[in-house]
Amino acid sequence: MDYEFIEKQDREVFGALTGEEEREAKGLELIPSENYVSRAVREANGSVFTNKYAEGYPGKRYYGGQEFTDMIETIAIERAKKLFNCEYANVQSLSGAPANSAMYFALLEPGETVLGMDLGHGGHLTHGHPTTSINKVFNFVRYKMKDVNTGEIDYDHLRQVALEHKPKVILAGFSAYSRELDYAKFVEIAKEVGAYTVADMAHIAGLIAGGAVRNPFDDGFDVITTTTHKTLRGPRGGMILTRASEDIAKKINKTVFPGTQGGPHMNIIAGKAVAFGEAMSPKFKEYALQILKNAKAMEAVFHTAGIRMQGGGTSNHLILADVFGSLGISGKEAEVALDSIGITLNKNMIADEPRTAMDPSGIRFGTPAMTTRGMKEAEATKVAELMVARLNDHTSETKAQELKAEVETLCAKFPIPEVMV
Ligand code: DSN
């Protein structure tokens, strides 16, 4: 993308922008929550809608001049509903954490209980980690995996905790979990204790939209919260969907605005509308399926190399590998070593982590961004082989140069596309 006006006006900012363009083009992005958006999404993000305040919802705004904001927000809402097969969509959430906050305030009174996945077993900070503000408002209890080598959730324990604590919300969803959840089981337990079922599908929204994994709504979930910028390949933002009832939808709208947010970012909502349009295309279905195939190809290489993967491997877009347990390198050392050859991923805690959050045992990586570049199983295998080669020889400078050159050659063959449909 050119930055004609920024280049003339502000050299400092221009330097940062072009630096990031080059970093993204030459390196391999394996952070499983990141992706590349289309030029069309970027145009919408940078559009005139950034100029407009639009507190309220289509047809009911607090300021004038809303003809086109109403139009764009309605397009985004209708596309979201169609894409995820639900009746109500709020597309104003600024990102995943605000979406989850609004959802909690819509469904719970302060002091009431949420049952969510333990952070160390794959859950997310916004599912009630002690360091978050939301933890001071609601009571959070947790479930875990039964077996970290298969990833199976301990549904018996989940039911016991639900019967004991009577949560108002049972939360399915994760940011570092590589298997599919049994949504029907969650619904069954929630019915027994009278709880709402909520899926935080931020990581897998694109996989659901593309039909590559199950849609929690098909198993009777009440609410879905998500970001829009991960596998869904939209702008940085959030969204809340529901099928529960018009009453719940109204409560969600009220807790988003004015409950927890002010004016919506209409330029981002325009970007969401564009991205949802892209996600409706047959090409996006192929994309979603290829993400899974590529993750499986990487899993096979790690398996052969004898590197333990949490959950025993993957059924989605990500892998959490215990590099400390398998190779004696910490997650932080592995992150730095791979960064030195142009592969970006993140250190991550494994279940019941014996080390620290800042220097844990694991690395987390995934295939959404490389798949957007058009890479298929052969390239995914190659990338995993390059990673294993570096992990097995993580201090040699000569080896780093050699592997970095291979990464750059591969990236040059698969430039980041501008058109996604
Ligand atoms: N930061 C996101 C992730 O990487 O999973 C979720 O908050």
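Numbering of ligands and ligand atoms starts at 1, following listing order.
Close contacts between ligand 1 and Ser175 involve ligand atoms 5 (O) [criterion: under 4.0 Å to a heavy atom]. Every atom of ligand 1 with a heavy atom of His124 under 4.0 Å away is listed here by number and element: 6 (C), 7 (O). Proximity to His203 (heavy-atom distance under 4.0 Å) selects the following atoms of ligand 1: 3 (C), 5 (O).
Side-chain atoms of Gln310 never come within 3.5 Å of backbone atoms of Ala176 as a donor-acceptor pair (strictly under, hydrogens ignored).
The side chain of Arg364, and not its backbone, has at least one atom closer than 4.0 Å to an atom of ligand 1 (non-hydrogen atoms only; side chain from C-beta on).
For the pair Arg233 and Tyr36, the cation-pi test (distance below 6.0 Å, angle within 45°) is failed.
Listed here is the closest heavy atom pair of Asp222 and Thr242: O-OG1, 2.7 Å.
If you check which protein heavy atom lies closest to atom 3 (C) of ligand 1, you get Ser33 OG, 3.3 Å.
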For residues 180-187, run the donor-acceptor check on the side chains, cut-off 3.5 Å, and write out each pair with its distance to 0.1 Å, sequence neighbours left out.
from   : atom 1 : to     : atom 2 : distance (Å)
Glu180 : OE1    : Arg214 : N      : 3.2
Asp182 : OD1    : Ala184 : N      : 3.4
Asp182 : OD1    : Lys185 : N      : 3.3

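Salt bridge status for Glu21 with Arg42: present, with a side-chain N to carboxylate O gap under 4.0 Å.
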